[in-house]
Amino acid sequence: MSIGTAETTSPRSDRRAGRTDPSPGPAHAGTLQLRSVRKQYGDVTAVEGVTLDIAAGEFVTLLGSSGSGKTTTLLMIAGFERPTSGELILDGRRINDLPPHRRNIGMMFQSYSLFPHMTVEQNIAYPLKIRKMPKREIRERVADALELVHLPAHGKRYPTELSGGQQQRIALARATVYRPPLLLMDEPLSALDRRLRSSMQEEIRRIHRDLGTTVVYVTHDQEEALALSDRIVLMHDGAIAQVGPPAEIYDHPTSLFSAGFVGESTQLLGHLAAASGPGRADVVLSDGTVVAASCSADLAVGAPVVICVRPEHMSVALPGSTAPSSGVEMVVRDKAFMGDCVHMTGRFVTGDDGVVRIQPRQADGLDVGSAVVVSWEAGNALILPRESSQG
Ligand code: ADP
Ligand code: MG
């Protein structure tokens with residue numbers, strides 16, 4: 001049985017030399033393609049026609065709420081579920097009919113606990129043993145793996161003698177010890193507390209850089225997806241809602257669903273008036289105010305739309321202190337000091353809810369209950385088509 005494509009290189013010495021080249025082994029090891037992959041369970045369509053190209057060494061996150069089809073997608077890639085239709089292609093080879101143990105894919109799940117009756121070393125050695133690797137090489141690789149996860153002295157312990165975070169690091173060492181070109185991770189940090197989660201995120205980024213493995217990561221946590229990924233695949237009801245690098249998903253959501261799922265935003269209902277320039281259009285808000293915003297979608301004049309603005313792109317002033325045409329009035333509902341910023345919510349005269357983030361000193365005198373004028377640059381206000389249910 002193959003023990004991975006990294007045999008031809010020496011990741012151990014490469015890593016010590018601080019190598020960060022994300023492509024170990026032969027070119028393209030760890031490329032994955034999903035072609036119209038579908039999974040039907042009786043009446044339930046868990047995954048609906050997912051098509052995706054993942055490059056070698058890429059860190060791709062499937063992000064979506066519970067039930068959106070993330071785990072089912074991962075289980076099909078791993079080989080534990082069969083697609084109802086569609087194709088899975090790993091390194092140019094169709095793997096639909098290959099059993100899980102022959103796909104050479106590493107896996108780490110939230111509930112995928114370590115074997116309790118084995119020491120840490122024995123746990124990590126397990127995938128190498130079943131691959132019948134020579135004892136000496138196993139010892140070396142296990143030591144290497146323990147070093148990779150920064151637990152070199154913990155080999156003789158049993159899993160119960162480790163903290164939750166340490167157990168997940170050992171699980172990560174076990175999942176990567178045979179250097180699979182592809183690593184799948186399903187919500188591996190969701191059982192950890194917030195502090196530990198963010199330090200583990202840093203560990204995962206480092207290990208991904210060091211090993212150069214392709215990673216398909218699953219989470220429902222948008223902050224985690226933004227922090228970890230080269231690309232995010234946003235899933236909704238078993239289908240892909242949007243695919244792109246974190247900053248693109250955040251700055252250029254293509255739908256209200258994307259805008260609402262990733263990051264906070266203010267959404268103002270309106271109707272499209274005339275175009276006001278290339279990529280710009282005027283929108284009539286529900287109180288008759290006309291504001292300019294940017295528009296990449298192809299929409300007809302009169303179409304029901306939503307203007308979406310991120311909280312950090314809004315400025316707030318007292319009425320009368322700015323040019324009268326440059327904002328929309330809002331009554332402050334709540335104001336929270338966050339240390340580096342003030343988070344403010346309110347109700348616009350249009351009836352829409354607002355969420356604004358400003359510098360603490362700009363919030364002086366803008367108290368709960370007071371009327372303020374909120375403004376933004378047209379380039380930071382995105383026009384999105386309204387979904388039909390919002391009429
Ligand atoms: P996620 O991981 O995003 O929470 P899942 O992939 O687990 O979502 O589930 C997607 C949908 O498929 C859900 O509606 C779920 O109830 C359904 N589903 C998942 N596994 C099965 C199964 N074995 N039998 C029937 N329905 C399933
Ligand atoms: Mg799941």
Side-chain angles (χ1 to χ4, degrees), residues 32-52 54 58-90 95-97 99-100 103 105-114 164 167-168 171-172 175 182-194 196-197 200-201 204 214-244 246 249 253-263 389:
L32 177 69
Q33 286 150 336
L34 280 68
R35 294 265 171 272
S36 307
V37 171
R38 251 174 75 82
K39 181 67 187 182
Q40 191 88 31
Y41 292 110
D43 292 344
V44 179
T45 305
V47 175
E48 183 146 23
V50 166
T51 293
L52 193 62
I54 299 175
E58 203 178 6
F59 196 119
V60 169
T61 297
L62 309 182
L63 171 66
S65 51
S66 173
S68 59
K70 308 180 298 293
T71 294
T72 305
T73 303
L74 222 56
L75 291 175
M76 289 190 285
I77 298 170
F80 296 116
E81 290 286 356
R82 267 190 92 82
T84 306
S85 61
E87 282 194 312
L88 297 157
I89 298 158
L90 181 61
I95 56 168
N96 286 49
D97 306 314
R103 295 189 183 192
I105 294 175
M107 265 164 300
M108 182 178 169
F109 295 113
Q110 181 198 337
S111 56
Y112 197 47
S113 55
L114 300 168
Q167 288 188 36
Q168 281 304 61
L172 185 55
L182 175 61
L183 177 62
L184 308 178
M185 302 171 98
D186 193 351
E187 314 241 6
L189 308 183
S190 56
L192 307 179
D193 68 50
R194 198 186 164 85
L196 199 50
R197 230 170 29 229
M200 277 299 287
Q201 285 171 15
I204 288 172
T214 308
V215 176
V216 182
Y217 192 96
V218 159
T219 184
H220 64 272
D221 179 341
Q222 48 112 0
E223 280 180 44
E224 187 160 294
L226 290 171
L228 286 175
S229 325
D230 293 323
R231 269 196 307 161
I232 293 174
V233 177
L234 183 59
M235 294 192 63
H236 184 38
D237 288 344
I240 295 179
Q242 189 172 353
V243 183
I249 301 246
T254 53
S255 66
L256 269 181
F257 175 78
S258 295
F261 200 90
V262 178
S389 59

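For ligands, and for the atoms within them, numbers begin at 1 and follow the listed sequence.
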- Without swapping roles, check the side chain of N96 against the backbone of L88 for a donor-acceptor pair under 3.5 Å. yes
- Message: Using only atom types and a distance under 3.5 Å, with no angle test, would you say the side chain of K70 pairs donor to acceptor with the backbone of G64?
- Response: yes
- Are any non-hydrogen side-chain atoms of T51 and V37 less than 4.5 angstrom apart? no
- For ligand 1, list the protein residues that place a heavy atom within a distance below 4.0 Å of one of its atoms, sorted by chain and number. Y41, V44, A46, S65, S66, G67, S68, G69, K70, T71, T72
- Going by heavy atoms in the side chains, are T219 and L63 under 4.5 Å from each other? yes
- Side chains of S258 and Q242, donor plus acceptor under 3.5 Å: yes
- Message: Main chain of P188, side chain of Q168: is a donor-acceptor contact present, judged purely on distance under 3.5 Å?
- Response: yes
- Message: Give me the atom names and distance for the closest heavy-atom approach of I249 to V243.
- Response: CD1-C, 4.1 Å
- With distance as the sole test, does T45 use its side chain to make a donor-acceptor pair with the main-chain N or O of E48 at under 3.5 Å? no
- Query: What is the number of protein N/O/S atoms located under 2.8 Å from the Mg ion (ligand 2)?
  - Reply: 1
- Message: Testing the 3.5 Å rule here: is there a donor-acceptor pair between the side chains of Y217 and E187?
- Response: no
